[in-house]
Protein chains: 2
Amino acid sequence: MNIGLEKYRYYTELMRENDLFSDISHDALDQLLEIASAQYWPKKTCILDPTHTLYTFYIILSGKVKGYVFDDKHDRPLTLFLLTQNDVFDVFTLINGKVHDIRYETLCDTEVLRIPMYKLKEWIQDNQDVYKALLKYTTDKMMRMENYISNLIMEDTSIRLARLLYNHVDPASNQVEILNGLTHDELGALIGTTRTMVGRHIQSFKEEGILKTERREIEITNLELLQQKISLNP
Amino acid sequence: MNIGLEKYRYYTELMRENDLFSDISHDALDQLLEIASAQYWPKKTCILDPTHTLYTFYIILSGKVKGYVFDDKHDRPLTLFLLTQNDVFDVFTLINGKVHDIRYETLCDTEVLRIPMYKLKEWIQDNQDVYKALLKYTTDKMMRMENYISNLIMEDTSIRLARLLYNHVDPASNQVEILNGLTHDELGALIGTTRTMVGRHIQSFKEEGILKTERREIEITNLELLQQKISLNP
DNA sequence: CTGGAAATGCGACCCAGGTCACATTTATTG
DNA sequence: CAATAAATGTGACCTGGGTCGCATTTCCAG
């Protein structure tokens, strides 16, 4: 990597904290950083070509990236998952070598490490331990996805929104950190509904005294009420 | 395993064909069979206790098992996935060691290999190659789950039913093999809807000449029409 | 063969949540 | 700092699909 020592330290530090690489030796991690290059992606950077991830693997250092599919019938995107710091993509193409029919887009400014797939595969040859870590990573994501599905079928849109907010409140600031800066359209895509619905629910949450909004930022004013909405669904 | 040679051959044969163990040496596979015991589960056998899979791992030799959660609000189960020959469970508890909040139930008579978790973990210590195979297995399931989600949000119940049928037709018999013997309730659980809806749609499919039913068996009479329903959703 | 349980068929009704249309506010950029 | 685009607020309306109730059929166990 052609970067200053400071920056390099910063990356190694981030990688060392990443559970995926915690079992990897310092040397091996250095080798990995050797074949990686840092990239800065501004908000709304897209990977629209699903074959792209056949050749390049990414590790997210900061920011947020959504993985989504497009719903032609309703002419709107549906976000399948949200990736943030320490997440990687695309594990499916890395392991199965087949195209993963999914698009990626940054939801805010994002830093990634970019690794050519063939070099990564070589590196993995010598560091088969990552399989175990990746497996843990994947089963974990899988369980989240199961929860997402139950949610979709069992709860109505207002509760899905409430849960989305609840799952992302920063207890310190009462702000919904990773969702700040997202439009109602984006929020809708995250819970499988429309901006109209999101807007209506946010309005009624306001009236109920659960939250207040300002310049595309959501602040929870009464966490308990929000919690109630999720658990005691009448 | 305390079983006759014939039966033993049959199991090894099945395991050898299982992609999860295709990279495992004969010796190692024998060792695995050594710590496994065969079990026969009649239809409707349940694993209702989620902590059970902390201690026991299963490999399905034949039959079908559903993994489901219960929807208290609507008082009905929701099937998250269907497991059949060569599937295993529960990978999540094996890898993460935490309880996986999910229940299992056989949908028909089923044969499984039962392996005590701690013995399996020992075996894996000496056969770390399975991590790679398990990872492939898991990412594959993951992608199916992504498709399930898009389906849930993008398509209405009739198309979801049509797709369920289409994905399981046996081109030889035109029968919907693995779904035969399931009640409308079970079918509903598989696509996240109610028996009423399933019933109505099956009726209208009949009228459209897509299928006919007899004694809880579904036979597709016009595959093309079914295909159309899935692709040209108006 | 038979009585009860389970599975299915079907009509009446209701509502969450989608669409459409348009006004209003907030960002962004020549 | 317009002016144009993007994001949001809101009302009117429609419909897929859920619930309820009950009749009918199919399946088994006794």
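Letters A, B, ... mirror the listed sequences (proteins, then strands); counts begin at 1.
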- Query: Looking only at heavy atoms, which two atoms of Gly63(B) and Thr110(B) are closest? And how far apart?
  - Reply: CA-OG1, 3.6 Å

- Item | Which residues share a side-chain hydrogen bond (donor to acceptor under 3.5 Å, both in side chains) with His100(A), sequence neighbours left out | Asp90(A), Glu146(B)

- Query: What residues, two or more places apart in sequence or in another chain, satisfy side-chain contact (heavy atoms from CB on, under 4.5 Å) together with Leu223(B)?
  - Reply: Tyr166(B), Val169(B), Ile220(B), Leu226(B)

Give the table of side-chain donor-acceptor pairs shorter than 3.5 Å for residues 80-89 of chain A, with sequence neighbours excluded, one pair per line with atom names and distance.
{"from": "Gln85(A)", "atom 1": "NE2", "to": "Leu61(A)", "atom 2": "O", "distance (Å)": "3.0"}
{"from": "Asp87(A)", "atom 1": "OD1", "to": "Tyr137(A)", "atom 2": "OH", "distance (Å)": "2.7"}
{"from": "Asp87(A)", "atom 1": "OD1", "to": "Lys141(A)", "atom 2": "NZ", "distance (Å)": "2.8"}
{"from": "Asp87(A)", "atom 1": "OD2", "to": "Thr84(A)", "atom 2": "N", "distance (Å)": "2.8"}

- Contacts of Glu219(A) that satisfy side-chain contact (heavy atoms from CB on, under 4.5 Å) - sequence neighbours left out: Asn174(A), Gln175(A), Lys212(A)

- Pairing residues for Asp19(A) by the side-chain contact (heavy atoms from CB on, under 4.5 Å) criterion, not counting sequence neighbours: none

- Just grab all the salt bridge (Lys or Arg N to Asp or Glu O under 4.0 Å) pairs involving residues 185-197 of chain B, residues at least two apart or on different chains. Lys66(B)-Glu186(B)

- Item | Between dT19(D) (P) and Lys73(B) (NZ): distance, integer Å | 11 Å

- Message: Going by the rule ring pair (Phe, Tyr, Trp, His ring centres under 6.0 Å), which residues pair with His52(B) if we only count those two or more places apart in sequence or in a different chain?
- Response: Tyr58(B)

- Item | Nucleotides bounding contact with chain A, strand DNA chain C, heavy-atom threshold 4.0 Å | dA16(C) to dA27(C)

- Message: Tell me the interatomic distance from Asp156(B), atom CG, to dG18(D), atom P, rounded to whole angstroms.
- Response: 10 Å

What are the atom names and distances for every N/O pair under 3.5 Å that joins the protein to nucleotides 4-10 of chain D?
{"from": "dT8(D)", "atom 1": "OP2", "to": "His184(A)", "atom 2": "N", "distance (Å)": "2.8"}
{"from": "dG9(D)", "atom 1": "OP1", "to": "Gln203(A)", "atom 2": "OE1", "distance (Å)": "3.3"}
{"from": "dG9(D)", "atom 1": "O6", "to": "Arg195(A)", "atom 2": "NH2", "distance (Å)": "2.6"}
{"from": "dT10(D)", "atom 1": "OP2", "to": "Gln203(A)", "atom 2": "NE2", "distance (Å)": "3.3"}

- Item | Nucleotide dG17(D), atom C1' - distance to CG of Leu152(B) in whole Å | 14 Å

Counting only pairs under 3.5 Å, give me each side-chain donor-acceptor contact of residues 38-47 of chain A, with atom names and distances, residues two or more places apart or in other chains.
{"from": "Gln39(A)", "atom 1": "OE1", "to": "Trp41(A)", "atom 2": "NE1", "distance (Å)": "2.9"}
{"from": "Tyr40(A)", "atom 1": "OH", "to": "Asp109(A)", "atom 2": "OD2", "distance (Å)": "2.8"}
{"from": "Thr45(A)", "atom 1": "OG1", "to": "Pro42(A)", "atom 2": "O", "distance (Å)": "2.5"}

- Between the two ends of the helix from dC1(C)-dG30(D) to dG30(C)-dC1(D), what is the bend in degrees, rounded to 10 degrees, where each end axis spans five pairs? 50°

- Query: Which whole-number value in Å describes the distance from Glu217(B) CD to dC27(D) C1'?
  - Reply: 15 Å

- Item | Residue list, side-chain contact (heavy atoms from CB on, under 4.5 Å) with Arg200(A), at least two apart or on another chain | Thr196(A), Met197(A)

